[in-house]
Amino acid sequence: MSDQVHPHKLAELYPKKVKSKRYYIKFSAWDISANELKTIVTWCPSRYKTEKEVKEWAKEEIARINAVLLSGGHFGKIEPTKKVVHTIKTIFPELLEKRKDTFRKRSYDTYKTALKKIIAFLDSKKLEGLQVGEFTNLYLSDFIDYLLSIGNSNSTVNNVLELVGWFFEQCVNKEIIEKKPYRVVKLKETQSAVNVAFTIEHQRALENWMLENDHELYLFTRFVYHAFIRPKELKALQVVNIDFDRRGINITGAISKNRKNDFVPINTTLYPLLKNFVGKQGFLFGRNMAIGGKVKCQENEPYNRHAKALKVLGLDNLGYSLYSWKHTGAVRAYQSGVDIKKLQRLLRHSSLTITDIYLRSLNVITDIENLAGW
């Protein structure tokens, strides 16, 4: 670099017209040692797929190159460049913060928890300066042992490893490393007991108690039971989401778990209960679960009231939860003759395989026709 402007050719993006090959930037700078122009080609990184992404990358890169050329940039004696060191402790938090706005709060907190665990591991082993590309399977094995030593189950360990893997994938995408420095490891998990449906006896006992003591909670559970609407989605639904004419509920991508717009049909048992919401405005369940309200129901209100009902009836130590109404609804629907394909659509599962696995986790046999002849 010098104040003297050497012969050069400014950087430009190629091909200039219809794209037939991979995009690249070409420029020429003066080579002092060879006393001639030296042409350089910089290929567009493959991660930029669309024309818009390519041009945004090119605009910034061309401006940088041309600024150097116009200020006297040239080839000559090459000074050694200082190697940039990317340690896990420095780059991972930076990657998460840059993507914070793209995550929902719960997802962001989940990734942050995983980040805290790997940093705590590095600190415990005095590996604060470990670089991203140095995290080989040897360190991964130690990390797994560390997670198990602090009381994490195999399932939790697998979840943490998956979340941590996201950070390494981001490093690959940003060309900080060429590929993940370790082979993916997954611990064997025992079958989860999270999906627990009510027995018919317990279902009836709870329904009768809610009808007599907590009508709002009863209505809340009907949406979960008959329409398979998740409690978190239900708390965000508003009266305008109910389409009384089409007998369904519009669930927007802003509140759905899969971030897709869905239309959930209302069955003949749930439909008469919608009269409770006719003429109401705002959220289906407002503050303190009031029917209709400008402010939506508090985060834990339905869970706390349902836990109270379970405790009063002596059902609080059987693995039941508010989510059990969704599981119970799926079991009753299947037992009443709803075929698995239709049930998949009602549950809003992306595939029949997921629905099959879900029903099997509830001890519902989905291929009973294969048992003929017993």
Side-chain angles (χ1 to χ4, degrees), residues 45-48 80-196 230-232 257-259 299-300 303 307 319 321-323 350 354 357-358 361:
S46 59
R47 64 177 178 274
Y48 300 116
T81 56
K82 185 177 180 181
K83 185 179 179 181
V84 179
V85 175
H86 294 289
T87 67
I88 292 175
K89 283 194 67 173
T90 57
I91 195 64
F92 280 15
E94 181 181 323
L95 291 171
L96 183 59
E97 287 307 305
K98 284 183 177 179
R99 293 291 302 275
K100 183 176 182 179
D101 293 339
T102 66
F103 288 119
R104 291 185 175 182
K105 184 180 184 303
R106 180 172 293 183
S107 297
Y108 170 78
D109 290 342
T110 302
Y111 279 100
K112 195 165 186 176
T113 298
L115 176 60
K116 287 180 179 178
K117 288 185 177 182
I118 191 169
I119 288 179
F121 159 72
L122 294 173
D123 289 341
S124 71
K125 299 291 184 179
K126 301 189 185 319
L127 296 171
E128 296 88 347
L130 189 69
Q131 296 181 41
V132 177
E134 296 174 339
F135 193 81
T136 61
N137 274 76
L138 181 62
Y139 290 112
L140 180 67
S141 178
D142 288 342
F143 182 41
I144 292 173
D145 290 341
Y146 168 80
L147 292 173
L148 293 171
S149 72
I150 60 174
N152 288 299
S153 66
N154 285 16
S155 176
T156 300
V157 170
N158 287 336
N159 289 336
V160 172
L161 295 180
E162 183 176 349
L163 293 167
V164 168
W166 175 86
F167 288 95
F168 284 98
E169 289 167 4
Q170 293 301 304
C171 288
V172 173
N173 293 339
K174 294 184 178 298
E175 299 182 354
I176 293 172
I177 54 176
E178 290 186 7
K179 61 180 181 179
K180 277 187 181 180
Y182 61 87
R183 297 187 309 277
V184 177
V185 175
K186 191 171 184 179
L187 301 183
K188 186 175 292 186
E189 300 178 19
T190 56
Q191 186 173 1
S192 173
V194 172
N195 296 344
V196 179
R230 302 173 181 90
K232 185 175 181 180
K257 181 179 179 181
N258 59 14
R259 297 197 177 190
E299 182 71 21
N300 295 319
Y303 300 95
S321 69
L322 186 58
Y323 234 95
S350 60
I354 293 176
I357 293 172
Y358 175 65
S361 74

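Quick caveat, the model's predicted, so the values are computed rather than measured.
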Inset, instruction - Given side chain to side chain contact (heavy atoms under 4.5 Å, CB included), test K174 with L95 step by step and report yes or no. - result: CA-CA 10 Å; K174 294 184 178 298; L95 291 171; 3.6 Å; yes
Legend entry - Distance in Å, L127 CG paired with E134 CD, rounded so as to fall on 0.5 Å steps: 9.5 Å
Inset, instruction - Could you walk me through whether K126 and E128 pass side chain to side chain contact (heavy atoms under 4.5 Å, CB included), step by step? - result: CA-CA 6 Å; K126 301 189 185 319; E128 296 88 347; 4.2 Å; yes
Inset, instruction - Identify the two heavy atoms, one from L163 and one from A114, that lie closest to each other, and give their separation to 0.1 Å. - result: CB-CB, 3.7 Å
Legend entry - Pairwise distance CG(D123) to NZ(K116) - rounded to 0.5 angstrom: 13.0 Å
Legend entry - Aromatic plane relationship, F92 with F167 - under 30° parallel, 30 to 60° tilted, over 60° perpendicular: parallel
Inset, instruction - Determine the minimum heavy-atom distance between T90 and P93, stating which atoms define it. - result: O-CD, 3.6 Å
Inset, instruction - Work out which heavy atom in V157 is nearest to a heavy atom in L147; give both atom names and the distance. - result: CG2-CB, 3.8 Å
Legend entry - Minimal non-hydrogen separation, P181 against G133, with atom names: CB-O, 3.4 Å
Inset, instruction - Please check if the side chain of N158 supplies one atom and the backbone of L187 the other of a donor-acceptor pair under 3.5 Å. - result: yes
Legend entry - Side-chain touch N154/L148, heavy atoms, less than 4.5 angstrom: yes
Legend entry - Rounded distance [0.5 Å steps], NZ in K179 versus CD in E169: 15.0 Å
Inset, instruction - Enter the distance from L96:CG to L115:CG here, rounded to the nearest 0.5 Å. - result: 6.0 Å
Legend entry - R230 side chain reached by Y323 side chain, heavy atoms, under 4.5 Å: yes
Legend entry - Minimum side-chain heavy-atom gap R99-Q170 below 4.5 Å: yes
Legend entry - Parallel, tilted or perpendicular: ring planes of W166 versus Y111, cut at 30 and 60 degrees: tilted
Inset, instruction - Might you confirm whether atom CD of E162 has over 12 heavy atoms from other residues, nucleotides or ligands at distances under 6.0 Å? - result: no
Inset, instruction - Hey, could you give me the OG/CD1 distance between S149 and I144, rounded to the nearest 0.5 Å? - result: 12.0 Å
Legend entry - side chain to side chain contact (heavy atoms under 4.5 Å, CB included) evaluation trace for F143 with V160: CA-CA 10 Å; F143 182 41; V160 172; 4.0 Å; yes
Legend entry - Spacing of L161 atom CG and T156 atom OG1 [to the nearest 0.5 Å]: 10.5 Å
Inset, instruction - Taking N137 for its side chain and R183 for its backbone only, find out whether a donor-acceptor pair lies under 3.5 Å. - result: yes
Inset, instruction - Decide yes or no on salt bridge (Lys or Arg N to Asp or Glu O under 4.0 Å) for R106 and E299, but give the supporting numbers first. - result: CA-CA 13 Å; R106 180 172 293 183; E299 182 71 21; 3.7 Å; yes
Legend entry - Residue pair N152 / K117, side-chain heavy-atom distance below 4.5 Å: yes
Inset, instruction - Report, as yes or no, whether the 6.0 Å neighbourhood of atom CZ on R104 holds more than 12 heavy atoms from other residues, nucleotides or ligands. - result: yes
Legend entry - Student check: side-chain heavy atoms of H86 and C171 closer than 4.5 Å: no
Inset, instruction - Mind listing the closest non-hydrogen atom pair of G165 and K180 along with its distance? - result: O-CE, 3.6 Å
Inset, instruction - Hey, can you tell me if F135 and F121 have their rings parallel, tilted or perpendicular (30° and 60° cut-offs)? - result: perpendicular
Inset, instruction - Could you tell me whether the side chain of F103 reaches within less than 4.5 Å of the side chain of D109, counting heavy atoms only? - result: no
